J.: 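Below you'll find the structure I mean.
In what follows, chains are A, B, ... by sequence order, proteins preceding strands, each numbered from 1. Keep in mind the model is a prediction, meaning the values are calculated, not measured.
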There are 2 protein chains.
Amino acid sequence: MRNNSKPRQILDTVNPLEPYLGYHLRRISAASMASLTLLLNELDIRPSEATVILFVQATPGVRQSLIGKHLGIRRANMAPLIAGLESKSLCRKEALDGRSSGIQLTKAGVKCAAKIEVKIRENEERCFGQLTVRDRKALMKIISTINLELISLE
Amino acid sequence: MRNNSKPRQILDTVNPLEPYLGYHLRRISAASMASLTLLLNELDIRPSEATVILFVQATPGVRQSLIGKHLGIRRANMAPLIAGLESKSLCRKEALDGRSSGIQLTKAGVKCAAKIEVKIRENEERCFGQLTVRDRKALMKIISTINLELISLE
DNA sequence: GCATGATTGCTATATAATATAGCAATAATA
DNA sequence: TATTATTGCTATATTATATAGCAATCATGC
């Protein structure tokens, strides 16, 4: 007799999505982002804002079109994102020419960037600390070879 | 002279998000999902619907609470999702008891499931065909060891 | 058998990320 | 200078996902 207990419903079928890399990456990414969102809530910062802040810190004076190109955020979505950071006094614009501005972090923005980095590192530990160092390195090596442009259909 | 061309703006700074696994997984997941979304559009199916359809196919008569537990979809979001599939005549409910139903695919649902599988496999090739077989296997091995429950904070 | 608590499905609602279409101003180019 | 490309932006829509709360039903301990 294989099973003489009688739970209401058991799942003796394997999840049919298991064989797909895309499925696993989606689930892991979603969990990791949800976790990061909670951590960043304490700073009143959303994940997409966090990536922009860190990018601007590393590349002061960058124009927002370039931020978007590197982070995969469209112009139309970049505009309100930057406006939101300005309204929180985390960044400011300085005119480069008649239409573009260079984005700079304010002092508050720099402080915030430091806190964001701490949160991101904390999240990396929360999410990937369960992997061995060897696996983390192997994972990083493999995924950083993936060329996103070969995937996107723009 | 290191650079005598004069592009308006070049980025000689490394993307500061590069060191983070979570960042790469997010970008890859987003690209892969966007690609899959386009492929599934031809079937008038969204990715979350696709996962539910394949899960129901593999586990006929499953109740929706269980689907959600396995796929990471909350009860509140499961309800309209199933209702949508019913309205497309892709699945139907059969009462298990006074409050729960077993979800079954209709004939159209089974046909749709087969098409979904083709699209998903096509997408896997599109997204991960650029990796060596060795890397794909290594990637699958590592990410399938990640325990999502250790990440989620519910 | 009955009171209590857990489960299940559901509605309403909110938010984050992301998508398209189109506009106006400016810059780059032939 | 005329044309095209770039840039920033608004408005809007969609998908996925989140919380709060409700009502019906089921399971459990007494």
J.: Would you indicate which nucleotide in C:dT8, D:dG8, D:dA16 comes nearest to any side-chain atom of B:Pro47?
T.: D:dA16

J.: Can you see if the side chain of A:Arg74 gets near the phosphate of C:dT18 - specifically, an N or O under 4.0 Å from OP1 or OP2?
T.: no

J.: Work out which heavy atom in A:Leu36 is nearest to a heavy atom in A:Pro47; give both atom names and the distance.
T.: CD2-CB, 4.5 Å

J.: Please report the distance, rounded to the nearest Å, between CG in B:Asp97 and C1' in D:dA23.
T.: 15 Å

J.: Less than 4.5 Å apart, side chain to side chain, heavy atoms only: is that true for B:Leu25 and A:Ser32?
T.: no

J.: Closest nucleotide of DNA chain D for A:Gln64 versus for A:Ala30: which of these residues is on the 5' side?
T.: A:Gln64

J.: Can you measure A:Leu96 atom CG to C:dA27 atom C1' for me and round it to whole angstrom units?
T.: 13 Å

J.: Given C:dA17, is OP1 or OP2 found less than 4.0 Å from the side-chain N or O atoms of A:Ser48?
T.: yes

J.: For the pair made of CG in A:Asn41 and C1' in D:dT19, what is the distance, rounded to whole Å?
T.: 13 Å

J.: Using heavy-atom distances to pick each residue's nearest nucleotide on DNA chain C, tell me which of A:Arg75 and A:Gly98 is more 5'.
T.: A:Arg75

J.: Please tell me which of the listed nucleotides, C:dC10, D:dG8, D:dC26, lies nearest to the side chain of B:Ala79?
T.: C:dC10

J.: At less than 4.0 Å, is any side-chain N or O atom of A:Lys93 found next to OP1 or OP2 of D:dT7? Yes or no.
T.: no

J.: Whole angstrom is fine here: how far is it from CG in B:Asp44 over to P in D:dT14?
T.: 12 Å

J.: Check whether more than 12 heavy atoms from other residues, nucleotides or ligands sit under 6.0 Å from atom NZ of A:Lys88, and answer yes or no.
T.: yes

J.: Report the distance from atom CG of A:Asn77 to atom C1' of D:dC9, rounded to the nearest whole Å.
T.: 11 Å

J.: Which listed nucleotide (D:dC26, D:dT10, D:dT7) is nearest to the side chain of A:Lys69?
T.: D:dT7

J.: Starting at the 5' end of DNA chain D, which residue's closest nucleotide do you reach first, A:Ala83 or B:Met33?
T.: A:Ala83

J.: Closest to the B:Ser100 side chain: C:dT18, C:dG9, C:dA19?
T.: C:dG9

J.: I need the CD1-P distance between A:Ile82 and D:dG8, as an integer number of Å.
T.: 9 Å

J.: Take atom CG of B:Leu36 and atom P of C:dT18, then tell me their distance rounded to the nearest Å.
T.: 16 Å

J.: List the steps, then state whether salt bridge (charged side-chain N to carboxylate O under 4.0 Å, His left out) holds for A:Glu125 with A:Arg136.
T.: CA-CA 11 Å; A:Glu125 273 317 301; A:Arg136 283 172 81 157; 3.1 Å; yes

J.: Whole-Å distance between C:dA19 P and B:Arg46 CZ?
T.: 16 Å

J.: Choosing from D:dA18, C:dT8, C:dA21, which nucleotide comes nearest the side chain of A:Ala76?
T.: C:dA21

J.: Salt bridge or not for B:Glu122 and B:Arg126, using N-O below 4.0 Å?
T.: no

J.: Which is it for B:Leu85 and B:Leu105 under the side chain to side chain contact (heavy atoms under 4.5 Å, CB included) test, yes or no, and what are the steps along the way?
T.: CA-CA 9 Å; B:Leu85 294 180; B:Leu105 291 191; over 6 Å; no

J.: Identify which nucleotide among D:dT7, C:dT8, D:dA16 has an atom closest to any side-chain atom of A:Ser65, counting heavy atoms from C-beta outward.
T.: D:dT7

J.: Can you check whether any acceptor in the base of D:dT7 is under 3.5 Å from a donor in the side chain of A:Arg99, or vice versa?
T.: no

